[in-house]
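Some notes on the structure that comes next.
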Amino acid sequence: MVTSIILMNVERALVNDVAEQLVDQPEISEVYSVSGSHDLVAIVRVPRNDDLAKLVTEHLPRIEGIIHTETMLAFRAYSRHDLEEMFAIGV
C-alpha cells in the first residue's frame with residue numbers, strides 16, 4: 001500500500017467544492033481544510049505507485065479550482081491511534 005499526502009492551493013471561492021470532489025475519489029481517504037500556506041490536504045492510499053501517478057496526473061488536473069499541488073510519499077506510519085484501535089479489539 002502506498003500512502004501519500006497531497007498539499008493543495010485552491011481558489012478561495014472553490015475550497016468547499018474542491019474538497020467535496022476530492023473526497024469522492026476512491027483513492028482519497030480524507031481531505032482536510034487547513035490553515036497556513038496550503039488550503040487543503042488530501043490523504044491518499046493506493047495499491048501501487050502507478051495508481052498515485054494516475055490520480056495526480058490525470059484526475060486532479062480535471063478538478064476546477066486547484067491551483068498548485070505538492071505530493072509527498074509516506075515512508076512509515078507512526079500512529080498512537082492505530083495502536084489504540086488494535087488494543088480495543090483485543091489483539
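What's counted below: heavy atoms across the whole structure, side chains too, no hydrogens, waters or symmetry copies.
Residue pairs meeting the salt bridge (charged side-chain N to carboxylate O under 4.0 Å, His left out) criterion with at least one member in residues 21-32, sequence neighbours excluded: Glu30-Arg45.
Leu22 and Tyr32 fall into different hydrophobic clusters, where Ile, Leu, Val, Met, Phe, Trp and Tyr are joined by side-chain heavy atoms under 4.5 Å apart, directly or via other members. No continuous path of hydrophobic side-chain contacts links Ile67 to Val41 [ILVMFWY only; heavy atoms under 4.5 Å]. Under the 4.5 Å side-chain contact rule for hydrophobic residues, Val23 and Ile66 share a cluster.
Under the side chain to side chain contact (heavy atoms under 4.5 Å, CB included) criterion, Ser33 pairs with Leu40, not counting sequence neighbours. Partners of Thr69 by side chain to side chain donor-acceptor pair (under 3.5 Å), not counting sequence neighbours: none found. Qualifying salt bridge (Lys or Arg N to Asp or Glu O under 4.0 Å) partners for Glu64, counting only residues two or more places apart in sequence or in other chains: none.
In this structure, Phe75 shares a hydrophobic cluster with no other residue, the cluster being traced through Ile, Leu, Val, Met, Phe, Trp and Tyr side chains under 4.5 angstrom apart.
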Let me check something: any side-chain donor-acceptor pairs from residues 49-63 under 3.5 Å, sequence neighbours excluded? List them with distances.
from: Asp51; atom 1: OD1; to: Arg48; atom 2: NH2; distance (Å): 3.1
from: Asp51; atom 1: OD2; to: Arg48; atom 2: N; distance (Å): 3.2
from: Asp51; atom 1: OD2; to: Arg48; atom 2: NE; distance (Å): 3.4
from: Thr57; atom 1: OG1; to: Ala53; atom 2: O; distance (Å): 2.6
from: Arg62; atom 1: NE; to: Glu58; atom 2: O; distance (Å): 3.4

Pairs of donor and acceptor atoms involving the side chains of residues 1-21, under 3.5 Å and at least two apart or interchain, shall be tabulated with distances.
from: Asn9; atom 1: ND2; to: Ser37; atom 2: O; distance (Å): 2.8
from: Arg12; atom 1: NH1; to: Asp39; atom 2: OD1; distance (Å): 2.5

